[in-house]
Amino acid sequence: MPANFSGIWNLTTSDNFEGYMLALGIDFATRKIAKMLKPQKTIEQDGDSFTIRTTSTFRNYLVQFKVGEEFEEDNKGLDGRKCKSVVSWDNDKLVCVQTGEKRNRGWTNWIEGDELYLEIRCEDQVCNQVYKKA
Ligand code: VLZ
């Protein structure tokens, strides 16, 4: 049975979100605010169909996809660059490749116990976050 990501997850730790935002060209003022945030993820999973809501006091981000089906991603409220994105299973990990202007852009989500892990990548920067199940 594949992993089930459904639930509400609260950020506990974040490493190098600043580097990730710099690689995306996020401006100084936005980075200052964004790095203080403790986002929450609300994930709805129905088989291979996902809705991932990342919410915070500053900005929210929504992505909806089906594993294996390429989709247009607008990254609205983040860097605003459009990507062609596709998410695949790597065993129980969800791996997203975001093809666009930025090299090596994507993320991986996986679960260990009651924690959700997220690795976000852009160019040579990697940000690692851990979320705890609410
Ligand atoms: O998450 O790629 O779970 O989209 C937004 C933080 C988080 C708040 C960015 C605003 C999305 C920051 C991270 C303003 C610059 C991500 C995916 C995997 C789903």
Side-chain angles (χ1 to χ4, degrees):
M1 204 166 75
N4 182 17
F5 290 76
S6 294
I8 298 174
W9 307 86
N10 292 313
L11 184 85
T12 53
T13 65
S14 182
D15 180 59
N16 197 38
F17 191 51
E18 175 74 5
Y20 173 76
M21 288 191 290
L22 268 170
L24 284 176
I26 306 293
D27 68 80
F28 177 83
T30 305
R31 291 200 316 273
K32 277 281 198 195
I33 298 167
K35 72 177 171 194
M36 301 300 293
L37 300 173
K38 296 268 180 244
Q40 183 176 70
K41 280 194 192 273
T42 303
I43 303 181
E44 291 166 30
Q45 178 182 358
D46 177 10
D48 275 351
S49 296
F50 283 81
T51 299
I52 303 181
R53 287 187 176 79
T54 308
T55 55
S56 76
T57 52
F58 178 53
R59 276 182 202 164
N60 302 322
Y61 189 69
L62 165 72
V63 68
Q64 292 183 293
F65 58 86
K66 193 162 179 194
V67 174
E69 290 186 6
E70 190 178 74
F71 62 101
E72 299 271 350
E73 192 171 6
D74 60 18
N75 296 286
K76 201 167 168 257
L78 305 177
D79 64 317
R81 286 188 193 85
K82 291 185 171 51
C83 298
K84 293 230 190 271
S85 302
V86 65
V87 182
S88 326
W89 288 112
D90 174 11
N91 296 303
D92 278 347
K93 293 187 177 184
L94 270 184
V95 181
C96 181
V97 176
Q98 297 169 309
T99 304
E101 267 177 76
K102 290 288 178 182
R103 173 177 53 83
N104 191 37
R105 183 171 185 171
W107 52 261
T108 302
N109 259 147
W110 72 97
I111 291 168
E112 291 180 23
D114 66 348
E115 290 178 324
L116 173 74
Y117 286 74
L118 172 61
E119 180 188 280
I120 338 173
R121 303 171 289 275
C122 183
E123 298 187 323
D124 57 350
Q125 296 296 313
V126 180
C127 165
N128 278 285
Q129 297 185 335
V130 183
Y131 293 76
K132 199 165 177 77
K133 193 146 202 180

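What's counted below: heavy atoms across the whole structure, side chains too, no hydrogens, waters or symmetry copies. If you're wondering where the values come from, they're calculated on a predicted model, not measured in any experiment.
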Under the side-chain contact (heavy atoms from CB on, under 4.5 Å) rule, what do Asn104 and Asp124 come out as? Steps first, then yes or no, please.
CA-CA 8 Å; Asn104 191 37; Asp124 57 350; over 6 Å; no
Qualifying residues under side-chain hydrogen bond (donor to acceptor under 3.5 Å, both in side chains), relative to Thr108, sequence neighbours excluded:
Arg121
Determine, for Asp79 against Arg81, whether the closest basic-nitrogen to carboxylate-oxygen distance falls under 4.0 angstrom.
yes
For the CD atom on Glu101, are there more than 12 heavy atoms of other groups (residues, nucleotides or ligands in this structure) within a distance under 6.0 Å?
no
Compare all side-chain heavy atoms of Arg53 with those of Asn60 and state whether any distance is below 4.5 angstrom.
no
Please check if atom CG in Asp90 has more than 12 non-hydrogen atoms from other residues, nucleotides or ligands closer than 6.0 Å.
yes
Criterion side-chain contact (heavy atoms from CB on, under 4.5 Å) on Asn75 and Lys102, from CA distance to verdict
CA-CA 12 Å; Asn75 296 286; Lys102 290 288 178 182; over 6 Å; no
Should Tyr20 and Val63 be regarded as members of a common hydrophobic cluster, given that ILVMFWY residues are connected when their side-chain heavy atoms come within less than 4.5 Å of each other, either directly or indirectly?
yes
Charged N to carboxylate O below 4.0 Å: is that the case for Glu72 and Lys84?
yes
Contacts of Lys38 that satisfy salt bridge (Lys or Arg N to Asp or Glu O under 4.0 Å) - sequence neighbours left out:
none
Only counting residues at least two apart or in another chain, list the ones meeting side-chain contact (heavy atoms from CB on, under 4.5 Å) with Glu18.
Met21, Leu22, Arg31, Lys35
Gln45 side chain to Ala3 backbone, donor-acceptor under 3.5 Å
yes
Could you walk me through whether Phe5 and Leu94 pass side-chain contact (heavy atoms from CB on, under 4.5 Å), step by step?
CA-CA 10 Å; Phe5 290 76; Leu94 270 184; 4.1 Å; yes
Salt bridge (Lys or Arg N to Asp or Glu O under 4.0 Å) against Lys132, all qualifying residues, sequence neighbours excluded:
Asp114
As a quick check of understanding, evaluate side-chain contact (heavy atoms from CB on, under 4.5 Å) for Tyr61 and Ile52, giving each step before the final call.
CA-CA 8 Å; Tyr61 189 69; Ile52 303 181; over 6 Å; no
Going by atom types only, do Thr30 and Asp27 share a side-chain donor-acceptor pair under 3.5 Å?
yes
For the pair Asn128 (side chain) and Asp15 (backbone), establish whether a donor and an acceptor sit closer than 3.5 Å, ignoring hydrogens and angles.
no
Enumerate the residue pairs fulfilling ring pair (Phe, Tyr, Trp, His ring centres under 6.0 Å) with a member in residues 114-134, sequence neighbours excluded, ordered by first and then second residue.
Trp110-Tyr117
Partner residues of Asp48 under the side-chain contact (heavy atoms from CB on, under 4.5 Å) criterion, sequence neighbours left out
Lys66, Val67, Trp89
